[in-house]
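Heads up: the structure comes next, in structure tokens.
Note: hydrogens, waters and symmetry copies are ignored here, and every other heavy atom, side chains too, is used.
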Amino acid sequence: MASALVLLNTKGKPLITRNYRQDVPYTVTEIFIQRVIEEEDCMVKPIFEVDGLTFAWLLHNNIYFVLVSKINCNASMLVVYLHHLLKVFQDYMETVTEESIRDNFVVIYELLDEMMDFGYPQYTDSKVLRDFITQESHKLLLSNSDVPKELPPAMTGATGTCPWRPEGIKHRKNQIFLDVIDSVNLLVNTNGDVLHSEIVGTVKVKCELSGMPRVKVSLNDKQMAKLRRPNANPSEVDKMIEIDDIKFHQCVMLNKFDDDRTIAFIPPDGDFELMTYRLPCRVKPIIDVSSQVERHGTRLEILVKVKSMFPKSSVASNVVIRIPVPPDADSPQFKASTGRNDVKYLPNENCVKWTLKVCEAAHTWRLSDLNLNIKPTQIPNNNKQILHGGKEVVCRCTFGLPSIRQQDMTVKKPISVDFQIPTLSLSGMEIKSVKVHSGKEKKENYQSLHWVRHITQAGQYEIRME
């Protein structure tokens with residue numbers, strides 16, 4: 001439960017103030033200024049308490065979003081609400097700055113009144129708020145008549161509708177797209193040993209379904225297999241994964257997931273993030289990068305070798321390798337094993353950007369409830385600059401160093417790698433089935449197409465240099 005919300009600039013001047021419970025004085029901003037704005041960075045904490053007042057805050061574009069509570073409250077709830085508030089502001093104003101806040105203070109106060117009532121969070125979904133709070137050119141749109149506009153059914157809940165999906169949605173073709181994206185976080189030392197590795201996954205959905213459908217998704221979850229098939233072959237169960245540390249969209253029926261480990265939901269229309277998961281597993285480098293740094297007088301030579309360790313049937317796209325260099329390096333010269341590779345020196349970032357482009361489309365295939373063993377469709381090979389599995393490429397970078405200092409010769413930043421590999425699921429996460437039926441009657445025939453795509457991409461993928 002929050003008592004007041006304050007938006008401050010970096011000078012401590014209040015931009016927006018909303019005292020929900022009238023139990024804290026307006027001078028609380030002075031306490032925040034002393035403890036955060038005027039304090040050293042090493043002493044600042046995101047949540048702190050002073051004289052019985054709890055402060056939670058975040059900083060965005062030099063604007064402090066501050067929530068103050070006088071009672072013993074859930075501090076995590078305050079932080080999560082601030083992030084939802086910032087996201088709603090971004091949906092309305094695109095860029096949240098001090099100028100945009102001053103231009104839209106009428107809409108902001110409307111949003112604050114609807115998103116929190118007497119200190120209790122209410123609606124934080126911008127799709128719901130846009131049904132009755134609209135904005136164009138920094139002005140609040142009003143109804144043509146003087147009669148107050150009725151609240152949408154999603155707000156009142158009188159018709160039992162979902163806040164995230166209004167009724168009456170129609171599409172010419174009913175289809176749903178699911179992207180299973182594995183982001184690899186990896187840190188490798190100079191000897192090639194993995195110091196840290198984890199997979200952070202996301203299931204993104206694009207819904208183009210009419211009416212009020214219900215979707216049911218089954219995964220290759222080990223716990224689900226044990227619940228449904230207690231006498232299953234142990235070797236088959238071992239091939240499945242244990243899904244843990246999951247975060248679902250609000251549309252997911254959690255009681256259904258607890259019962260049989262299936263994800264049942266009424267999807268919002270359009271794009272949304274269905275779930276996120278994290279697997280702290282041991283991951284070997286998908287793209288192995290080794291470097292060798294040599295100094296020849298006033299010249300610095302960096303040799304980088306890149307080898308793809310994924311299967312030969314896969315192709316990595318959008319491969320970008322950033323090689324750090326000393327800040328005073330000049331006269332760059334590059335020589336790559338493949339002449340079509342794009343190598344550029346970025347002096348503003350003190351790095352060399354080595355790009356391996358790919359012109360192939362991502363592999364996409366369809367799931368049906370009757371036949372799930374459909375192989376990826378064959379896509380024409382229009383490759384111009386690609387990194388196939390099991391291949392190795394080399395790039396040699398030579399620089400001049402005008403100021404000869406030992407600290408300049410040492411490159412402390414690691415090499416960062418960015419890539420995307422379609423059709424590859426590094427975590428082993430698979431969508432076994434997708435079923436869509438009408439929300440009114442489960443047995444009603446609902447014709448729809450289901451599309452599933454797996455992508456493995458780089459998260460924080462870094463390799464330390466010698």
Q. Is the W57 ring parallel, tilted or perpendicular to the Y64 ring (thresholds 30°, 60°)?
A. tilted
Look at the rings of F48 and F32 and say which category their plane angle falls in: under 30° parallel, 30 to 60° tilted, over 60° perpendicular.
-> parallel
Residues in side-chain contact (heavy atoms from CB on, under 4.5 Å) with [X], at least two apart?
X    : result
N62  : T10
D51  : none
N185 : E198, V200, Q460
Q34  : E38

Okay, side chain of [X], backbone of [Y]: is any donor-acceptor separation there less than 3.5 Å?
X    : Y    : answer
T456 : L424 : yes
N9   : G12  : yes
N61  : V96  : yes

I'd like to know if the side chain of [X] pairs up with that of [Y] as donor and acceptor (distance under 3.5 Å, no hydrogens or angles considered).
X    : Y    : answer
S3   : D23  : yes
H450 : S448 : yes
S183 : Q457 : yes

Where do [X] and [Y] come nearest, in terms of heavy atoms and distance?
X    : Y    : result
R464 : T190 : O-CG2, 3.7 Å
H249 : P268 : CE1-CG, 3.7 Å
V28  : F55  : O-CE2, 3.8 Å
L209 : I169 : O-CG2, 3.8 Å
T54  : I71  : OG1-O, 4.5 Å

Sorted by chain and number, sequence neighbours left out, ring pair (Phe, Tyr, Trp, His ring centres under 6.0 Å) with Y277 holds for none
Taken in chain and number order and not counting sequence neighbours, the residues that satisfy ring pair (Phe, Tyr, Trp, His ring centres under 6.0 Å) with F265 are none
Practice prompt. Decide yes or no on side chain to side chain donor-acceptor pair (under 3.5 Å) for T355 and D342, but give the supporting numbers first.
Written response: CA-CA 5 Å; T355 304; D342 189 9; 4.6 Å; no
Item to complete: Measure the shortest side-chain to side-chain distance between L111 and V88 over non-hydrogen atoms and say whether it is less than 4.5 angstrom.
Response: yes
Test side-chain hydrogen bond (donor to acceptor under 3.5 Å, both in side chains) applied to [X] - qualifying residues, sequence neighbours left out:
X    : result
T276 : none
N189 : none
R18  : D113
H83  : none

Give the C-alpha distance, both sets of side-chain angles, the deciding distance and a yes or no for ring-ring contact (aromatic ring centres under 6.0 Å, His included) between Y20 and Y120. CA-CA 9 Å; Y20 290 103; Y120 292 95; over 10 Å; no
Here the gap from L8 atom CG to T17 atom OG1, rounded to the nearest 0.5 Å, amounts to 7.0 Å
In short, side chain to side chain donor-acceptor pair (under 3.5 Å) pairs touching residues 199-213 with sequence neighbours left out are N174-S210, Q175-E208
Applied to residues 177-189, the salt bridge (charged side-chain N to carboxylate O under 4.0 Å, His left out) test, sequence neighbours excluded, yields D179-R453
Q | Under-4.0 Å salt bridge between K256 and D260 | A | yes
Item to check | Pair R322 + E349, salt bridge at N-O below 4.0 Å | outcome: yes
